[in-house]
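Remember, it's a predicted structure, so these values are computed and weren't measured experimentally.
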Amino acid sequence: MTKGIVVPHDGDAPLELREFSEFGDYQQTVGGWIEAVDIPSLGVAVYVNEEGLLQHLPLNSRVTFLWWFHVPEARQRAMLLGNAVIVGAPDVEGNTTDVPAAVCSLLMET
């Protein structure tokens with residue numbers, strides 16, 4: 001199982017720490033096929049619905065801001081839409097890892 005943080009697109013909805021046991025769990029959370037967006041400085045990947053634009057999903061302002069803050073070249077060029085899942089960066093075998101404790105603390109406790 002992999003620990004991740006669900007970031008709902010609704011800015012009033014709370015973040016949720018959740019365990020994911022299989023690929024389908026991520027798909028169910030984002031509502032479709034997943035696309036990974038890396039934030040190397042935090043050691044995380046953000047999973048979003050890869051068809052967010054086509055499905056006219058709402059802006060996820062919290063995760064978009066986090067991405068723009070840590071990946072300045074993405075600013076004003078792309079937005080992350082719909083619900084998102086933040087997990088740890090893939091390991092050497094390409095497997096998803098737990099969201100780092102420091103990121104969990106930063107997002108869940110402050």
Side-chain angles (χ1 to χ4, degrees):
M1 292 212 164
T2 303
K3 289 182 185 175
I5 299 172
V6 177
V7 183
H9 66 82
D10 177 355
D12 293 329
L15 303 183
E16 177 187 349
L17 188 60
R18 190 186 298 174
E19 291 192 353
F20 297 87
S21 61
E22 59 187 22
F23 183 74
D25 295 341
Y26 300 110
Q27 288 181 307
Q28 183 177 11
T29 302
V30 302
W33 294 105
I34 62 171
E35 176 180 5
V37 177
D38 295 328
I39 304 178
S41 63
L42 290 178
V44 301
V46 179
Y47 293 153
V48 294
N49 185 320
E50 76 174 6
E51 295 182 328
L53 281 174
L54 294 173
Q55 295 179 11
H56 304 287
L57 296 179
L59 171 68
N60 189 321
S61 59
R62 294 182 287 188
V63 77
T64 296
F65 177 77
L66 182 72
W67 182 42
W68 285 359
F69 185 82
H70 290 279
V71 184
E73 58 272 16
R75 291 180 190 158
Q76 305 300 319
R77 295 189 182 179
M79 297 179 292
L80 302 178
L81 307 173
N83 295 334
V85 178
I86 300 173
V87 294
D91 63 17
V92 294
E93 296 174 353
N95 298 314
T96 301
T97 61
D98 290 344
V99 64
V103 174
C104 242
S105 177
L106 173 72
L107 298 179
M108 302 294 290
E109 296 174 12
T110 57

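Both V71 and L42 belong to a common hydrophobic cluster when Ile, Leu, Val, Met, Phe, Trp and Tyr are linked at side-chain heavy-atom distances under 4.5 angstrom. Using a 4.5 Å cut-off between side-chain heavy atoms of Ile, Leu, Val, Met, Phe, Trp and Tyr, with links allowed through other members, M108 and V87 fall into different hydrophobic clusters. V46 and L17 fall within a single hydrophobic cluster, where Ile, Leu, Val, Met, Phe, Trp and Tyr side chains are chained together by heavy-atom contacts under 4.5 Å. Using a 4.5 Å cut-off between side-chain heavy atoms of Ile, Leu, Val, Met, Phe, Trp and Tyr, with links allowed through other members, I34 and L66 fall into different hydrophobic clusters. Cluster membership check: W33 does not share its hydrophobic cluster with V37, using side-chain heavy-atom separations under 4.5 Å among Ile, Leu, Val, Met, Phe, Trp and Tyr.
Checked by atom type and distance alone, the side chain of D25 pairs as donor or acceptor with a backbone atom of S21 at under 3.5 Å. R18 places no side-chain N or O within donor-acceptor distance of the main-chain N or O of G4, the cut-off being under 3.5 Å. Under the 3.5 Å distance criterion, the side-chain polar atoms of N49 are matched with a main-chain donor or acceptor of G31. No donor-acceptor pair closer than 3.5 Å links the side chain of W67 to the backbone N or O of M79. Under the 3.5 Å distance criterion, the side-chain polar atoms of D98 are matched with a main-chain donor or acceptor of K3. D91 contributes a side-chain N or O that, together with a main-chain N or O of E93, makes up a donor-acceptor pair within less than 3.5 Å. At least one donor-acceptor pair under 3.5 Å links the side chain of T97 to the backbone N or O of A89.
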Would you check, one step at a time, whether the test side-chain contact (heavy atoms from CB on, under 4.5 Å) holds for N83 with V7?
-> CA-CA 6 Å; N83 295 334; V7 183; over 6 Å; no
Candidate pair V103 and S105, rule side-chain contact (heavy atoms from CB on, under 4.5 Å), full reasoning | CA-CA 5 Å; V103 174; S105 177; over 6 Å; no
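Going from atom CZ of F65 over to atom NE2 of H70 covers 8.0 Å, rounded to the nearest 0.5 Å. In this structure, the separation between NE2 on H56 and CD on E51 is 11.5 Å, given to the nearest 0.5 Å. The distance from the CZ atom of R62 to the CD1 atom of I5 is 11.0 Å, given to the nearest 0.5 Å.
The minimum heavy-atom distance between P100 and G43, with the atom names listed, is CG-O, 3.7 Å. Of all non-hydrogen atoms in Q76 and W68, the two that sit nearest each other are NE2-CZ3, 3.3 Å.
Counting heavy atoms of neighbouring residues, nucleotides and ligands inside a 6.0 Å radius, atom CG of L53 does not exceed 12 of them. Remark: E16 CD is packed, more than 12 non-hydrogen atoms of other residues, nucleotides or ligands lying under 6.0 Å away.
Put simply, the residue from L57, L80, T29, N60 that forms a side-chain contact (heavy atoms from CB on, under 4.5 Å) with V48 is L80.
In this structure the side chain of P90 never reaches within 4.5 angstrom of the side chain of T96, judged on heavy atoms. Two residues are said to be in side-chain contact when any heavy atoms from C-beta on lie closer than 4.5 Å; V6 and L15 fail this criterion. Between Y47 and E35 there is no side-chain heavy-atom pair separated by less than 4.5 Å. Under the 4.5 Å side-chain criterion, counting only non-hydrogen atoms from C-beta, H9 is not in contact with L81.
By the 30° and 60° cut-offs, the orientation of the rings of Y26 relative to F20 is parallel.
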